[in-house]
Amino acid sequence: MLGMVKNSLLSSVEAWPCRVLSKGEKEQVSYEERACEGGRFAAVELVGKPFDEASKEGAVKLLKYVGGSNDKGVGMGMTAPVSITAFPAEDGSFQHKVKVSLRIPSQFQDNPPCPTDESIKIEERQGMTIYSTQFGGYAKETDYVNYAAKLKAALGSEAAYRKDFYLCNGYDPPMKPYGRRNEVWFVKE
């Protein structure tokens, strides 16, 4: 636990390597199209719990892993964002199923430590192009749903992206009260 707290408060945060391809604004919604690198990710899937509860539980598990709860006992440092794959229900809310993931820091990409928590899996992912919009505050399910609707409206029918899921991203530790950054990402098809 101490490793997790020290890791999230004192270590530098490595950003997921992405580059901006284009920017747009429509109906007072700013958005970007970005190309994000692939790589190895630590991921945990949670089923049967509401989004806010499941995403918090998953994030804590991943913070413990990068904080030293792994077979090498090494604190790896933090990466951002913590990314939560959400699956929309027909009414727009989220199904009770999420996948919380974190890109493994660069220096551990080739040989990531094994998690001591068996629910955490190491996954190899391809790069992807995404559409994103940003907002502040402590994000909850309702915020992500609202900003996803705004991004969908801003993109209109021209943009082709996955409709069966989207990514809810948080960039800041829970102890940061101001200047928080959250994003909704649609994965381009």
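All values derive from a computational prediction rather than experimental measurement.
Nearest heavy-atom pair, Val66 versus Gly77, reported as atom, atom and distance to 0.1 Å: CB-O, 3.7 Å. Minimum interatomic distance between Val98 and Ala54 (heavy atoms only, all atoms of both residues): CG2-CB, 3.6 Å. Minimum heavy-atom separation, Met175 to Pro177: O-CD, 3.1 Å.
Taking the side chain as every heavy atom from C-beta outward, Phe87 and Asp164 never approach each other to under 4.5 Å. Residues Pro112 and Tyr65 are in side-chain contact: their nearest non-hydrogen atoms beyond the backbone lie under 4.5 Å apart. A heavy-atom distance below 4.5 Å is not found between the side chains of Phe186 and Lys163.
Note on Phe135 and Val82: same hydrophobic cluster, where clusters join Ile, Leu, Val, Met, Phe, Trp and Tyr whose side-chain heavy atoms are under 4.5 Å apart, directly or indirectly. Note on Leu102 and Ile104: same hydrophobic cluster, where clusters join Ile, Leu, Val, Met, Phe, Trp and Tyr whose side-chain heavy atoms are under 4.5 Å apart, directly or indirectly. Note on Val29: it does not cluster hydrophobically with Tyr166, by side-chain heavy-atom contacts below 4.5 Å among ILVMFWY residues.
Glu123 pairs in a salt bridge (charged side-chain N to carboxylate O under 4.0 Å, His left out) with only one of the listed residues (Arg40, Lys99, Arg103), which is Lys99. A side-chain contact (heavy atoms from CB on, under 4.5 Å) with Ile130 holds for exactly one of Leu21, Val187, Asn169; it is Val187.
For CD of Glu25, the number of neighbouring non-hydrogen atoms (other residues, nucleotides, ligands) closer than 6.0 Å is greater than 12.
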Evaluate the criterion side-chain hydrogen bond (donor to acceptor under 3.5 Å, both in side chains) for residue pair Tyr31 and Gln134; output intermediate values, then yes/no.
-> CA-CA 7 Å; Tyr31 60 90; Gln134 186 174 321; over 6 Å; no
Might you work through the ring pair (Phe, Tyr, Trp, His ring centres under 6.0 Å) test for Phe41 and Trp16, ending with a clear yes or no?
-> CA-CA 11 Å; Phe41 289 76; Trp16 182 344; 4.9 Å; yes
Show your working on side chain to side chain contact (heavy atoms under 4.5 Å, CB included) between Cys36 and Trp185 and close with a plain yes or no.
-> CA-CA 11 Å; Cys36 298; Trp185 289 5; 4.0 Å; yes
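When atom types are taken as modelled, the side chain of Thr133 and the backbone of Ser30 share a donor-acceptor pair closer than 3.5 angstrom. Side-chain N or O atoms of Asp71 include one that pairs as donor or acceptor with a backbone N or O of Cys114 at under 3.5 Å. In terms of modelled atom types and a separation under 3.5 Å, the side chain of Asn70 and the main chain of Pro113 share no donor-acceptor contact. Side chain of Asp143 to backbone of Lys140: a donor-acceptor contact under 3.5 angstrom is found.
Between Lys61 and Ser119, the side chains place a donor N or O and an acceptor N or O closer than 3.5 Å (distance only, hydrogens not considered). For the residue pair Ser132 / Arg34, a side-chain donor-acceptor distance below 3.5 Å is found, with atom types taken as modelled. Between the side chains of Glu14 and Thr79, no donor-acceptor pair is found at a separation under 3.5 Å.
In this structure Lys121 satisfies the side-chain contact (heavy atoms from CB on, under 4.5 Å) test with no other residue, sequence neighbours excluded.
Taking the six-membered ring for Trp and thresholds of 30 and 60 degrees, Phe51 and Phe94 have ring planes inclined between 30 and 60 degrees apart.
Cation-pi geometry between Lys188 and Tyr161 is not met at under 6.0 angstrom from the ring centre and within 45 degrees of the axis. For Arg180 and Tyr138, the positive end sits near the middle of the six-membered ring, less than 6.0 Å away and at most 45° from its axis.
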